[in-house]
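Just below is one structure, and these are the notes that go with it.
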Amino acid sequence: MERIQLDITKAAQFLSEGAVKAYEPQVKAAQEALENGSCPGNDFLGWLHLPSSITPQFLDEVQAVANTLRQKCEVIVVAGIGGSYLGARAVIEALGNSFAWLVGDKTNPTIVFAGNNIGEDYLFELSEYLKDKRFGVINISKSGTTTETALAFRLLKKQCEEQRGKADAKDVIVAITDAKRGAARAAADKEGYKTFVIPDNVGGRFSVLTPVGLLPIACAGFDIKALVNGAADMEKATAPSVPFAENIAAQYAAVRNALYTEKGKKIEIMVNYQPKLHFIAEWWKQLYGESEGKEHKGIFPASCDFTTDLHSMGQWIQEGERSIFETVISVEQPAKKLLFPSDDENLDGLNFLAGKRVDEVNKMAELGTLLAHVDGGVPNIRIIVPELNEYYIGQLIYFFEIGCGISGNVLGVNPFNQPGVEAYKKNMFALLDKPGYEAESKAIKERLK
Ligand SMILES: O=P(O)(O)OC[C@H]1O[C@](O)(CO)[C@@H](O)[C@@H]1O
C-alpha cells in the first residue's frame, strides 16, 4: 500500500531559504513532549498511540453492535456535535455515494445526523421523516451533558420508544459516552442500552478512531479495520524517530507555523476538489480551531470546496488580503470512471474534451488554480491521497491529528483544551434560567436592559 504524501515546495518558496528546516528542533521537541507526556494537556494524549493499540477483538465488538443495528434499522440517527459528530460524518461522506439518501440502497441503512444544532425545523423535519421508518439511535457525547445532543436525544428516544415499543427500542439505542458521568451515561444505565466508553484521555476532536467514529462508520457499511490500519501505518510513518525530511506531519506543522509566524499568514484554507471531502474539512476545522485558537493566537482554519467555491470565493483568494495560505487535499484516482462524450453539433464547444475522463478536467482545474493562486501570493501545501478508501482516510486522519498535536505545541498553547467554548454556554443557560445559574441570569438580563 502507498502512503499519502505532502508537497510543501509551493509554500516554502514564500519563506526565506531554510525557514521550514529551521523549525526542525522545535518540531522535534514538540513531538518528544507529546511522546513523553511532558506537554501541556498531557492528560489528553490517549489518541497518540490509539491506532496501534486498537485490538482486532475490539473492532469485532464494534462491528457486532453495528451489525445488530444494520439488521434492525433502515435508518440510524447519529446524535452528537463537534468531535462527537464530525469525524463519523467526514468518513461516511468521503467514502459513500454522493446521493446515498436518494438511491434507495437496500444493503446499508441510511445514516442521518442530529444533535449538532438546535434548529426547530431541522428536528421537526427529522421527526417527520422518521415516522414510518424502523430507526435506531447512536447517542454520542463525551461529557454526556451537551445541550444540542441531549435535546435531540430526548426527542429521538421518545419517538423510537413510541414507534417500536420500549423493549425493542432498547436494542437499537446505543450510547457512547463517559464511563461514569453525564446524562447520557445515566440514561444508558437506567434503560440498559449497549454502551461504549470514550476514554478519559481522548478529547472529543481526537476521538474519531474510538467507537465515536468507528460505530457509525461500521453501521454505514465501511471497513473499520482498514481505517484503523491506515491510521496505524501513519502512526509509524510519523513517529518521533522518523527523520524530519521523511516525516510529513512534522513538515506540515513546521511549514504552517513558519507561514503564520514569519509571513503573517493567519488563515489556512483547506481545499478539496471532491465534494465528498467537504466534511473532512469540517472535521479538520474543529481539530485545528479548538486546538490552536487560544491566548489570542492561532491560524484560523477555513475551507473551500473547489471548483465550486472558485466561483464564489475565488476572487477573494486570488486578489484579497494576502493573509491566507491553502492546503489542498488532492485525490489522485477517483473511484469511478466517466468519459466526456462527443457531440455532433458541439454547441457548447466542448468537443476538445471528448473522450477524456471528467477527472482530467478536474485535475487541470486543480493545477491551473494552484499556479494562479501561487502567482497571486497564496502559499500552497498539497496533501496527495492516492484514492478515497478506508485505508487512506485512516492515514489522513492520523496525519492531521499528529500534525495538530505537534503544531499546537510549537505555537505554545495547550492543544488539548477548549476553555473558550464555555462562554456561549454560560450565557445561554443564564438566558434560559437554568437552575444553578440564578446569579448569571440576573447579571445577563441587566446587560440587556
Ligand atoms: O461529546 P460532547 O461532550 O457532547 O462534546 C461535544 C463537543 O463539544 C465541545 O465540548 C465544545 O463544547 C467539543 O470540544 C466537543 O467535541
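Counting starts at 1 for both ligands and their atoms, following the listed order. Numbers here simply count residues along the sequence, with the first being 1.
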* Asked: Is the shortest N/O to N/O distance between V421 and ligand 1 below 3.5 Å?
  -> no
* Of all the non-hydrogen atoms in the protein, which one sits nearest to atom 16 (O) of ligand 1, and at what distance? -> G83 N, 2.8 Å
* Asked: Can you find a pair of side-chain heavy atoms, one from W47 and one from I402, that are under 4.5 Å apart?
  -> yes
* Can you check whether Y288 and W284 have ring centres sitting under 6.0 Å from each other? -> yes
* Relative to each other, are the rings of H373 and F306 parallel, tilted or perpendicular (30° and 60° limits)? -> perpendicular
* To do: Could you list the atoms of ligand 1 found under 4.0 angstrom from a heavy atom of S143?
  => 2 (P), 3 (O), 4 (O)
* To do: Flag yes if more than 12 heavy atoms outside K426 fall under 6.0 Å of its NZ atom; otherwise flag no.
  => no
* Looking only at protein heavy atoms, which one is nearest to atom 7 (C) of ligand 1, and how far off is it? -> I81 O, 3.6 Å
* Asked: Would you say E422 and ligand 1 have an N/O pair spaced under 3.5 Å apart?
  -> no
* **Cation-pi geometry met for K133 and Y129 (6.0 Å, 45°)** => yes
* Structure fact -> Near S84 (heavy-atom distance under 4.0 Å), the atoms of ligand 1 are 1 (O), 2 (P)
* Subset of ligand 1 atoms that lie under 4.0 Å from at least one heavy atom of T146 -> 2 (P), 3 (O), 4 (O), 5 (O)
* Asked: What do the steps show when you test T149 against T146 for side chain to side chain donor-acceptor pair (under 3.5 Å), and what is the final call?
  -> CA-CA 6 Å; T149 308; T146 301; 5.2 Å; no
* Answer yes or no: are there more than 12 heavy-atom neighbours, outside F300 itself, under 6.0 Å from its atom CZ? => no
* Heavy-atom gap T149 to ligand 1 smaller than 4.0 Å -> no
* **Contact (N/O only, under 3.5 Å) between E290 and ligand 1** => yes
* To do: Any atoms of ligand 1 less than 4.0 Å from a non-hydrogen atom of K142? List them with their elements.
  => 1 (O), 2 (P), 3 (O), 4 (O)
* To do: May I ask you to identify, for Q418, whether its side chain, its backbone, both or neither come under 4.0 Å of ligand 1 on a heavy-atom basis?
  => side chain
* Please state whether the rings of Y252 and F399 are parallel, tilted or perpendicular, taking 30° and 60° as the class boundaries. => tilted
* Which option, E148, Q286, K425, owns the non-hydrogen atom nearest atom 10 (O) of ligand 1? -> K425
